[in-house]
Amino acid sequence: MKKITLLLVGIILVSNYCLTAQEQRDRVITTAVPFLLVAADARAAGMGDQGVATSPDVFSQQWNPAKYAFTSRENGVAVSYTPYLSEIVNDIFLGSLNYFHRIDDRSAVASSLRYFSLGSIETRGSFEETPILVNPNELTFDLSYSLRLSDDFSMAVAGRYLRSDLGLQDNEDLGAASTFGVDVAAYYQSPEITMSNFDGRWRLGASISNIGPKMKYDDAGQENFIPTNLKAGGSFDFIFDIDNRLGTYVEFNKLLVPTPQDFDGDGDIDAEDDQQYNSIGSIEGVFKSFGDAPDGFSEELKEFTWALGAEYWYQEKFALRGGYFNESDQKGFRKFFSLGAGFAYQNVIIDASYLFSTSSVPSPLEGTLRFGLSFNFGDSYAD
């Protein structure tokens, strides 16, 4: 039974990559704490899981903390809830708590807590033993500082603590594995541009997140890469009049983690190849990830994901959102459409989103309705 328990935990941990036998042969990249790559807020989820170049909001910490230097209010706090594998179980979820504070016209600080519960699992060494109930979970806590270097451009740095507790093995507590990560982000927001029939605004964003040491669960176990990730994107707002605004967005992502491969050339990725793969350092792996795909440049391109999205606001009180996310069939097979909506009343914003998988491999978020609640308060700032 212990093997079944560990298998269930493993399936959940890598479910974002939807591994199949064929994809394993195609060298799918997996990491520890993959929940960090899941959109924790309903607004971003409604636009195809993207937020590096969208307009600033309380949830910007996950996507691009440099956006906080452009927020229009002095303070903001938000919570979100995302059921996970909701069509199978009801006790697995991702939650987040976020806060930001504008220090002055040019700088801001922010923090967030993300918690991923893997539910309750019974584990036992044999059918005769009394089962032990375990509650594996993972969490991160981070702090960021953002600074406007000019009227249109800002940068940010964030530090993150990561903790993963997977419960028991052989009826012994594995203990919680932990490490840390660093984010570096940049954001550009143009002034409003007057066009012939409307006004417009450009936004550009980029971020490298989770730069840090590997995660190791026990002294005898292997070290696991954390999901160091490169995000870059752009957007354009069509400001038709005081009541109607349409934002259009595009974003690209790449895991900065080495590609598993057949180092010894025997036609199979076996334990010896895994040992050599695990000997790669975390920083070394970041640089290797740009050119280590065995099939060359064509495979490197398959390791990029892309997303398109749009958001329409009416009178800054009601929003409709839509998006599409695409990942190569050989690198995880995540493909889905998403829809979302937002409702604003005074200082409160309620967001919701829904996902429709278009992949032949079911998504763990299929049929999931996500929610977010944001509060903005304090002094107002001109953007």
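Predicted model, so just to flag it, every value in this text is computed and none were measured.
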Give a yes-or-no answer on whether the side chains of [X] and [Y] include a donor-acceptor pair shorter than 3.5 Å.
{"X": "T259", "Y": "D292", "value": "yes"}
{"X": "N253", "Y": "N229", "value": "yes"}
{"X": "R334", "Y": "N326", "value": "no"}
{"X": "Y381", "Y": "E74", "value": "no"}
{"X": "R203", "Y": "Y187", "value": "yes"}
{"X": "S60", "Y": "D57", "value": "yes"}

* side-chain hydrogen bond (donor to acceptor under 3.5 Å, both in side chains) between Q276 and N278, worked out -> CA-CA 5 Å; Q276 186 170 344; N278 294 327; over 6 Å; no
Under 3.5 Å, is there a donor-acceptor pair between the side chain of [X] and the main chain of [Y]?
{"X": "S117", "Y": "I92", "result": "no"}
{"X": "R201", "Y": "S190", "result": "yes"}
{"X": "T179", "Y": "L162", "result": "no"}
{"X": "K317", "Y": "G342", "result": "no"}
{"X": "K67", "Y": "T54", "result": "yes"}
{"X": "Y145", "Y": "V157", "result": "no"}
{"X": "S107", "Y": "L147", "result": "no"}

* Relative to each other, are the rings of F225 and Y277 parallel, tilted or perpendicular (30° and 60° limits)? -> perpendicular
* To do: Hey, can you tell me if F236 and F238 have their rings parallel, tilted or perpendicular (30° and 60° cut-offs)?
  => perpendicular
* List the steps and the verdict of ring-ring contact (aromatic ring centres under 6.0 Å, His included) for Y84 and F116. => CA-CA 9 Å; Y84 208 76; F116 184 43; 5.2 Å; yes
* Between F377 and F375, ring centroids under 6.0 Å -> no
* Is K231 salt-bridged to D183, going by a charged N under 4.0 Å from an acidic O? -> no
* Sidechain N-carboxylate O distance under 4.0 Å for E327, K302 -> no
* Please report the C-alpha distance between F180 and Y161 in whole Å, then the side-chain angles of each, then the deciding distance to 0.1 Å, and finally whether the ring-ring contact (aromatic ring centres under 6.0 Å, His included) criterion is met. => CA-CA 5 Å; F180 68 89; Y161 169 73; 9.6 Å; no
* Asked: What do the steps show when you test R114 against E138 for salt bridge (Lys or Arg N to Asp or Glu O under 4.0 Å), and what is the final call?
  -> CA-CA 8 Å; R114 272 177 282 174; E138 298 178 319; over 6 Å; no
* Pick from Y324, F325, F252: which one makes a ring-ring contact (aromatic ring centres under 6.0 Å, His included) with W306? -> Y324
* To do: For D199, enumerate each residue passing the side chain to side chain donor-acceptor pair (under 3.5 Å) test, keeping only those at least two apart in sequence or located in another chain.
  => none
* To do: Could you check E303 against K331 for salt bridge (Lys or Arg N to Asp or Glu O under 4.0 Å), going step by step and ending with a plain yes or no?
  => CA-CA 6 Å; E303 294 181 357; K331 292 295 179 177; 3.3 Å; yes
* Structure fact -> From the list R43, R321, R370, salt bridge (charged side-chain N to carboxylate O under 4.0 Å, His left out) partner of D351 resolves to R321
* Structure fact -> Closest non-hydrogen atoms of I226 and T31, given as atom of the first, atom of the second and distance, are C-CB, 4.1 Å
* Asked: Relative to F70, does R148 satisfy both conditions: NZ or CZ under 6.0 angstrom from the six-membered ring centre, and within 45 degrees of the ring's axis?
  -> yes
* **Atom pair CG (L230) and OG (S207), whose distance is rounded to the nearest 0.5 Å** => 8.0 Å
